[in-house]
Protein chains: 2
Amino acid sequence: MSASIEDVAKRAGVSIATVSRSLRGLPDVAASTRDRVVTAARELDYVASPFAARLASGRSSTLGVVVPFINRWFFAEVLGAVETVLSAAGYDLLLHNLGDSDGRERFFSMLPVRKRVDAVLVVSLALSDYEVEALSSLELPVGVLGVKHPGLFSVRIDDVAAARSAVRHLLSLGHRRIALIGGDTDDPMRFTPPHHRGTGYRDALTDAGIDVDPALEGLGYFTVAGGEAAMLQLLALDERPTAVFAESDEMAYGAMRTIRRAGLRVPYDIAVVGFDDHATAGLLDLSTVRQPVAEQGALLARGLLASLAHDTEPSDLVLDTELVVRGSTVPAASVYAQVGSGD
Amino acid sequence: MSASIEDVAKRAGVSIATVSRSLRGLPDVAASTRDRVVTAARELDYVASPFAARLASGRSSTLGVVVPFINRWFFAEVLGAVETVLSAAGYDLLLHNLGDSDGRERFFSMLPVRKRVDAVLVVSLALSDYEVEALSSLELPVGVLGVKHPGLFSVRIDDVAAARSAVRHLLSLGHRRIALIGGDTDDPMRFTPPHHRGTGYRDALTDAGIDVDPALEGLGYFTVAGGEAAMLQLLALDERPTAVFAESDEMAYGAMRTIRRAGLRVPYDIAVVGFDDHATAGLLDLSTVRQPVAEQGALLARGLLASLAHDTEPSDLVLDTELVVRGSTVPAASVYAQVGSGD
DNA sequence: CTGTTAGCGCCTTCAT
DNA sequence: ATGAAGGCGCTAACAG
């Protein structure tokens with residue numbers, strides 16, 4: 001077996017208590033003593049057994065991170081940022097991927113993070129009362145990304161306002177018949193974005209005095225393929241839209257593809273705005289709403305770590321988004337005429 | 001605090017040893033006793049403290065998973081599959097994302113998984129001797145995905161053969177001037193695919209009696225943007241290629257985009273083959289080499305778990321790949337003529 | 001089949 | 001500034 005604290009103590013000629021104090025950087029240790037201990041530890045290639053330390057201290061230096069689908073761009077991006085923060089702080093990251101509603105149910109009923117993490121970070125789930133209660137029963141700091149819950153830490157963007165700004169952009173270009181490609185608000189996994197971004201879309205239209213037309217709202221399920229299919233339906237309408245707001249860039253990609261396949265041009269026949277500013281949005285010249293993805297994850301992770309260190313109160317942080325106008329949006333065809341007539 | 005094993009023991013009227021045995025499903029416990037214990041545990045909402053259990057047993061029921069970049073499609077896909085297997089088996093997953101060569105260096109020198117996992121799973125890294133030695137020093141089962149190392153478990157595909165089949169496909173269509181868009185073989189992160197797939201490309205050409213032309217090998221860095229840039233250079237050649245083999249679908253997407261932007265047609269002016277059968281390859285009608293991504297992760301995870309359970313010997317599993325021909329590859333223009341002339 | 005009893009390796013008072 | 005000693009909560013012989 002590898003070296004234990006006692007081996008180090010013997011080699012340094014001190015007690016195990018002093019070894020513990022020295023190696024953890026606690027005060028009240030003579031510099032010379034600490035040096036001897038550190039040297040001995042290095043020579044023995046010693047690292048403390050985390051389990052023994054956790055059992056004795058009650059702290060686990062571990063964060064539980066819960067994501068709905070690890071293999072989607074947004075979640076992977078968040079996870080990467082969280083991992084960076086945690087590993088820099090010497091924390092372990094226990095990963096839980098829900099996958100589907102069964103996995104979700106299993107997670108919240110079993111709570112596999114019980115007695116093994118100091119805090120939990122949940123990404124982009126609209127939590128039910130039951131789920132919030134389950135998390136609260138852990139009596140740990142809990143952070144949620146994307147939603148606000150009383151008593152929980154949160155970092156998010158204002159999805160409603162962000163969506164509104166995207167649709168307003170289209171309105172300002174003269175578009176009046178604007179479609180929505182969104183997620184399923186009845187999805188069993190209950191993501192937060194579909195609700196909020198859909199609301200922002202409708203708000204913007206209403207504010208502009210335009211009636212909301214349910215026929216213009218397609219379901220894209222946050223995938224490229226879904227965006228493609230949704231756009232196909234929209235093109236089949238008697239009066240097709242002149243612009244589309246997709247609740248994610250990936251759905252926007254699908255929509256653009258369908259539009260072009262139908263022999264129409266983006267943006268001249270149909271303008272498209274996405275949401276996220278996904279890595280390839282620039283390449284595809286897609287106008288979109290940029291949100292700070294990694295930053296949300298990093299800030300939430302840091303907030304939780306800070307709370308563990310100083311017992312801070314739950315906070316709610318709302319980050320800014322930014323409309324990025326690229327080539328996929330231009331004035332509606334109808335506007336050219338109006339402008340030409342000097343309106 | 002929450003209930004401990006002693007609370008359960010008292011409530012069930014047995015000793016803590018019996019509680020331990022009952023709850024872990026060990027033999028030699030009377031059914032009636034076990035029932036009482038299980039009931040008591042449920043009533044108290046008891047779960048064993050993993051740290052105490054780990055300290056006492058020496059087993060951690062935890063796997064360390066190391067990925068180069070969590071936010072790339074391939075790794076996220078693998079990670080998802082691994083997580084599914086582990087959580088089903090009651091194992092915890094400790095995630096380590098290397099990110100860059102600094103992170104990599106840090107991981108292998110500090111070995112933050114030390115004393116906290118039962119096995120380690122490393123994804124797609126060409127390990128240096130030093131790194132293999134570091135992993136071996138853990139004296140744990142180690143699995144690597146994508147490469148073979150003596151003494152380590154591995155699951156992989158035959159990258160050389162797979163790449164060769166893709167290039168052969170182009171050759172069989174009559175293409176003679178075939179470009180490669182690959183990863184940087186000098187990349188400090190040293191992925192395994194660039195080496196092997198590049199070799200397969202060159203082998204296929206050589207086998208067909210075609211000289212390998214370094215000018216036809218572009219660097220796409222496994223990103224869409226990189227593929228785009230590499231293709232731009234290839235188009236600038238005096239004699240441009242009639243076909244391209246990209247070592248990943250994402251690079252192929254970039255290449256296709258550049259080709260079209262240049263006013264050329266895929267596949268008629270330039271045929272494109274990718275690698276992976278990425279989720280959107282079908283949508284983009286890209287011919288490619290399908291590899292079982294999630295399956296590789298799942299099999300490796302299961303192999304490691306099996307090794308923990310039965311102390312099996314390290315195994316090396318090579319999974320099949322499959323050439324998926326779609327619309328991005330057709331016979332070279334030159335071939336039409338030949339066919340037309342009755343050749 | 002069940003109970004007793006050492007540890008597992010460290011942290012943390014409490015003394016000194 | 002350092003040491004001694006009692007847990008932390010469980011597992012794993014060993015008895016019986």
Side-chain angles (χ1 to χ4, degrees), chain A residues 1-41 44-62 90 92 114-118 139 308-309, chain B residues 1-41 44-62 90 92 114-118 139 308-309:
Chain A
M1 275 307 287
S2 56
S4 80
I5 196 172
E6 222 177 304
D7 301 328
V8 179
K10 276 186 195 140
R11 181 170 252 256
V14 296
S15 71
I16 63 168
T18 298
V19 172
S20 178
R21 283 191 276 257
S22 302
L23 261 25
R24 286 184 299 148
L26 296 188
D28 297 332
V29 179
S32 60
T33 308
R34 185 184 309 261
D35 284 350
R36 260 186 304 138
V37 171
V38 168
T39 304
L44 293 173
D45 197 27
Y46 168 81
V47 287
S49 155
F51 303 138
R54 289 163 190 191
L55 184 57
S57 71
R59 280 172 268 100
S60 70
S61 297
T62 301
D92 284 340
R114 261 206 302 175
K115 295 189 180 174
R116 56 193 83 193
V117 303
D118 291 338
E139 301 186 317
L308 291 174
Chain B
M1 275 306 288
S2 54
S4 80
I5 197 172
E6 223 176 305
D7 302 328
V8 179
K10 275 186 196 142
R11 182 169 251 262
V14 296
S15 71
I16 61 168
T18 299
V19 172
S20 179
R21 284 192 276 258
S22 302
L23 261 26
R24 285 185 297 149
L26 296 188
D28 296 332
V29 179
S32 61
T33 308
R34 185 184 309 253
D35 283 351
R36 260 186 305 141
V37 171
V38 169
T39 304
L44 293 173
D45 198 27
Y46 168 80
V47 286
S49 155
F51 303 137
R54 290 163 189 190
L55 184 57
S57 71
R59 280 172 268 101
S60 70
S61 297
T62 301
D92 284 340
R114 261 208 301 177
K115 295 190 181 176
R116 58 194 81 192
V117 302
D118 291 338
E139 300 186 319
L308 291 173

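Quick caveat, the model's predicted, so the values are computed rather than measured. Each chain gets a letter, A, B and so on, in the order the sequences are listed, and its residues count up from 1.
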Can you confirm whether [X] sits close enough to [Y] that some side-chain heavy atom of one is under 4.5 Å from a side-chain heavy atom of the other?
| X | Y | answer |
| --- | --- | --- |
| A:I5 | A:S20 | yes |
| B:D118 | B:T62 | no |
| A:S60 | A:R54 | yes |

Compare every heavy atom of [Y] with every heavy atom of [X], then report the nearest pair and how far apart it is.
| X | Y | value |
| --- | --- | --- |
| A:Y46 | A:S4 | CE1-C, 3.5 Å |
| B:S22 | B:V29 | OG-CG1, 3.5 Å |
| A:K115 | B:V47 | NZ-O, 2.6 Å |
| B:R36 | B:G13 | NH1-O, 4.3 Å |

**Report entry** Whichever of A:A30 and A:A52 has its nearest DNA chain D nucleotide further upstream toward 5'
**Finding:**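 Looking at the nearest nucleotide for each, A:A30 comes out on the 5' side.
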N/O contacts under 3.5 Å, protein versus nucleotides 12-16 of chain D?
residue	atom	partner	partner atom	Å
D:dA12	OP1	B:R59	NH2	2.6
D:dA12	OP2	B:R24	NH1	3.0

Query raised in the report: Quick one: on DNA chain C, does B:V14 or B:K115 contact a more 5' nucleotide (nearest heavy atom)?
Result: B:V14
**Report entry** A:R54 vs B:S15, nearer the 5' end of DNA chain C by closest nucleotide
**Finding:**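 Nearest nucleotide further toward 5': that of B:S15.
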Query raised in the report: Can you tell me how far P of D:dG3 sits from CG of A:D28, to the nearest Å?
Result: 14 Å
Requested in this report: Write down the distance between CD (B:E6) and C1' (D:dT11), rounded to a whole number of angstrom.
Outcome: 15 Å
Requested in this report: Shoot me the first and last contacting nucleotide of DNA chain C against chain B, ordered 5' to 3', at under 4.0 angstrom to non-hydrogen atoms.
Outcome: C:dC1 to C:dG9
Report task. Measure from the side-chain N and O atoms of A:R21 to the backbone N and O of A:R34, and report whether any donor-acceptor pair falls under 3.5 Å. Result ->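 Answer holds: no.
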